[in-house]
> 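Below you will find the structure I want to go over with you.
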Amino acid sequence: METPMEFGHESVVMRLGRRSGLPIVVAVHSTALGRAVGGCRMWAYDSWEDGLRDALRLSEGMTRKCAAAGLPNGGGKTVVVLPPGRSVTADERRAALHDVGDIVAELGGSYVTGPDAGTGPADMAVIGERTEYVFCRPESAGGSGDPSPFTALGVVAALRSTCLALFGSPGLAGRRFAVIGLGHVGEQIARQLAAAGADLVLSDVDPAKRSLGAELGAVFTEPDAAATAEVDVLVPAALGGLLTRDLVPRLRCRAVAGAANNQLADPGVAELLRERDILWAPDYIANAGGVVNAVAREVLGDGPEKAVQRIESITDTLTGLFETAARAGITTARAADDLARRRLAAPAPTAPEPA
């Protein structure tokens with residue numbers, strides 16, 4: 001089934017996988033700047049409609065992310081809707097990944113997929129058995145590997161910019177951060193902050209993650225308590241929607257900057273944060289490191305050092321956004337969206353084909 005532009009997307013494919021029988025959504029939001037890029041999420045949803053909604057929202061976010069990062073790409077996203085309350089077998093997983101590969105191949109190169117929540121480089125190698133349009137396969141298979149360390153690196157760059165805006169110095173030592181979500185990215189953020197001498201409050205829905213808190217000398221608590229902890233910066237690193245109209249009045253942080261996508265439960269939350277003088281680093285700016293690395297390495301032909309330099313420039317981008325928002329008296333969300341819109345309106349750069 002094809003869904004036209006009523007969703008503001010160039011194309012949306014919704015299909016039951018031929019092999020897996022699982023609902024699969026592939027959403028291409030924009031190719032105005034170049035072929036769309038965005039990860040493949042395998043996640044349990046209460047309904048396929050919830051998976052569709054996530055794909056639409058996340059793919060639009062990828063368009064803004066790529067534009068704001070100055071990448072020659074638009075945004076897309078794949079969502080495989082897993083059955084709630086039941087794990088899929090290895091054979092079912094492989095079948096679903098092959099189904100994804102077939103749909104991506106049918107799009108003829110307008111969209112390239114990669115890892116997201118619930119998938120990793122090994123899964124990209126499986127998708128790669130059905131299509132060439134895939135990022136972040138293992139390095140041994142010719143890809144750029146796991147994007148998580150680079151996403152974390154970009155978030156830490158964003159935290160330095162946030163501290164610069166708050167305290168006049170980008171130093172992390174002695175600052176207090178609450179990291180919510182200790183998956184692949186959140187754990188690495190926590191480790192980098194600990195290594196920099198920061199004071200940490202850590203949280204995850206998985207109690208086994210408590211051991212990381214002990215290892216890093218951090219306080220470990222429940223997610224709800226971490227969200228309202230008295231800290232300098234709240235660092236969302238799990239799924240989206242954390243910042244709600246109910247939560248914002250209870251926040252005891254000076255800023256929010258993290259890896260999670262779609263942190264604002266609705267757009268009006270950005271104004272609530274501004275009214276409380278809580279600085280928000282727009283999520284699609286702060287968490288762009290993974291896609292920046294993949295595009296830099298696999299499309300632009302950069303070496304590892306150059307790719308890292310591109311990721312660390314997130315600090316400069318955010319500093320400029322913070323200054324623009326303060327000068328214009330607007331939210332940082334508005335400043336980021338304005339930046340993305342300006343770049344989307346500019347002539348599309350010419351980019352080489354993926355290697």
Side-chain angles (χ1 to χ4, degrees), residues 1-17 20-31 36-67 74-86 88 96-97 99-100 103-104 106-107 110-119 180-181 183 185 205 223 236-248 258-270 272 280 282-284 286-288 290-291 333 336-337 340 344:
M1 172 181 177
E2 301 286 345
T3 302
M5 291 293 288
E6 62 182 298
F7 289 112
H9 287 62
E10 293 182 10
S11 67
V12 181
V13 180
M14 294 177 286
R15 183 180 301 168
L16 288 178
S20 65
L22 293 173
I24 298 171
V25 183
V26 179
V28 176
H29 179 258
S30 173
T31 57
V37 296
C40 174
R41 175 168 293 197
M42 296 188 73
W43 206 256
Y45 295 87
D46 291 335
S47 69
W48 69 265
E49 291 94 342
D50 291 338
L52 169 62
R53 192 174 299 110
D54 221 11
L56 295 175
R57 186 171 62 248
L58 290 165
S59 57
E60 183 178 359
M62 283 301 301
T63 294
R64 294 197 300 265
K65 181 182 298 188
C66 291
K77 188 67 69 169
T78 298
V79 168
V80 180
V81 181
L82 299 181
R86 181 178 73 82
V88 295
L97 293 168
D99 288 336
V100 168
I103 297 172
V104 171
E106 290 170 15
L107 295 175
S110 64
Y111 165 64
V112 185
T113 196
D116 199 87
T119 64
I180 301 178
V185 176
V205 294
L239 296 181
L242 175 69
L243 299 175
T244 65
R245 291 177 180 271
D246 174 67
L247 176 64
V248 169
N261 287 307
N262 299 318
Q263 293 169 20
L264 305 181
D266 69 73
V269 172
L272 296 181
W280 183 58
D283 42 34
Y284 62 85
N287 66 16
V291 69
D337 286 348
L344 283 165

> Kindly give the heavy-atom pair with the smallest separation between Ala27 and Ala55, and that separation in Å.
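That closest heavy-atom pairing would be CB-O, 3.9 Å.
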> Roughly how far apart are Thr63 OG1 and Tyr284 OH, rounded to 0.5 Å?
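Those atoms lie 11.0 Å apart.
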> Looking only at side chains, do Tyr45 and Asp54 share a donor and an acceptor under 3.5 Å apart?
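There is such a pair (donor and acceptor under 3.5 Å, judged by atom type) between the side chains of Tyr45 and Asp54.
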> Do Val25 and Trp48 have side-chain heavy atoms sitting under 4.5 Å apart?
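Of all side-chain heavy-atom pairs linking Trp48 with Val25, none is under 4.5 Å.
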> Per the side-chain contact (heavy atoms from CB on, under 4.5 Å) rule, which among Thr113, Thr78, Val26 passes with Ile103?
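Only match with Ile103 under side-chain contact (heavy atoms from CB on, under 4.5 Å): Val26.
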> Show the nearest heavy-atom pair for residues Gly241 and Ala265, with the distance to one decimal.
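That closest heavy-atom pairing would be O-CB, 4.1 Å.
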> Would you indicate whether the side-chain heavy atoms of Thr31 and Tyr111 approach each other to under 4.5 Å?
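Heavy-atom side-chain distance check fails, nothing below 4.5 Å.
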> Asn262: what forms a side chain to side chain donor-acceptor pair (under 3.5 Å) with it, not counting sequence neighbours?
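None.
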> Do Leu22 and Leu82 come close enough that some side-chain heavy atom pair is under 4.5 Å?
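Leu22 reaches Leu82 side chain to side chain.
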> Looking only at heavy atoms, which two atoms of Ala238 and Ala260 are closest? And how far apart?
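The pair with the smallest heavy-atom distance is O-CB, 3.0 Å.
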> Please name the pair of heavy atoms, one in Ser30 and one in Ala36, separated by the smallest distance, quoted to 0.1 Å.
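Distance-wise, the nearest heavy atoms are O-CB, 3.7 Å.
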> Give a yes or no answer on whether the side chain of Thr119 reaches the backbone of Pro115 with a donor-acceptor pair at less than 3.5 Å.
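Here the side-chain-to-backbone pair does not exist.
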> Determine, step by step, whether Val269 and Trp280 satisfy the side chain to side chain contact (heavy atoms under 4.5 Å, CB included) criterion, reporting the C-alpha distance in whole Å, the side-chain angles of both residues, the deciding distance to 0.1 Å, and the verdict.
CA-CA 10 Å; Val269 172; Trp280 183 58; over 6 Å; no
> Hey, are the side chains of Pro83 and Val88 touching, using non-hydrogen atoms and a 4.5 Å cut-off?
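In contact.
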> For the atom pair NZ (Lys77) and CG (Asp116), what is the distance rounded to the nearest 0.5 Å?
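Rounded to the nearest 0.5 Å, the NZ-CG separation comes out at 3.5 Å.
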> If every non-hydrogen atom of Gly21 is compared with every non-hydrogen atom of Asp99, which pair is closest and at what distance?
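That closest heavy-atom pairing would be N-OD2, 4.4 Å.
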> Listed by chain and number, what are the side chain to side chain donor-acceptor pair (under 3.5 Å) partners of Asp283, not counting sequence neighbours?
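Asp283 satisfies side chain to side chain donor-acceptor pair (under 3.5 Å) with no residue once adjacent residues are dropped.
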> So that I can tick it off, tell me whether Arg64 and Glu60 are bridged by a salt bridge, with the cut-off set at under 4.0 angstrom between side-chain N and carboxylate O.
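Yes, Glu60 and Arg64 are salt-bridged.
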> Drop me the distance from Cys40's SG to Leu97's CG, to the nearest 0.5 angstrom.
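Spacing of SG (Cys40) from CG (Leu97) equals 6.0 Å.
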> Quick one: pull up CZ in Arg53 and CG in Leu58 and give me the separation to the nearest 0.5 Å.
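Rounded to the nearest 0.5 Å, the CZ-CG separation comes to 12.0 Å.
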> Side chains of Leu247 and Leu242, heavy atoms from C-beta outward: is any pair under 4.5 Å?
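They are in side-chain contact.
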> Within the structure provided, determine whether Leu56 and His9 are in side-chain contact (heavy-atom separation under 4.5 Å).
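The answer is yes; the side chains approach within 4.5 Å.
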> Any side-chain heavy-atom pair from Val12 and Val28 closer than 4.5 angstrom?
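No, too far: nothing below the 4.5 Å cut-off.
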> Taking all non-hydrogen atoms of both residues, which atom of Pro23 and which atom of Leu16 are closest, and how far apart?
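Looking at all heavy atoms of both residues, the shortest contact is N-CD2, 3.7 Å.
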> How many angstroms lie between atom CD of Glu10 and atom NE2 of His29, to the nearest 0.5 angstrom?
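Glu10 CD to His29 NE2: 8.5 Å, rounded to 0.5 Å.
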> Can you check whether Val100 reaches Ile24 side chain to side chain, under 4.5 Å on heavy atoms?
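Yes, side chains in contact.
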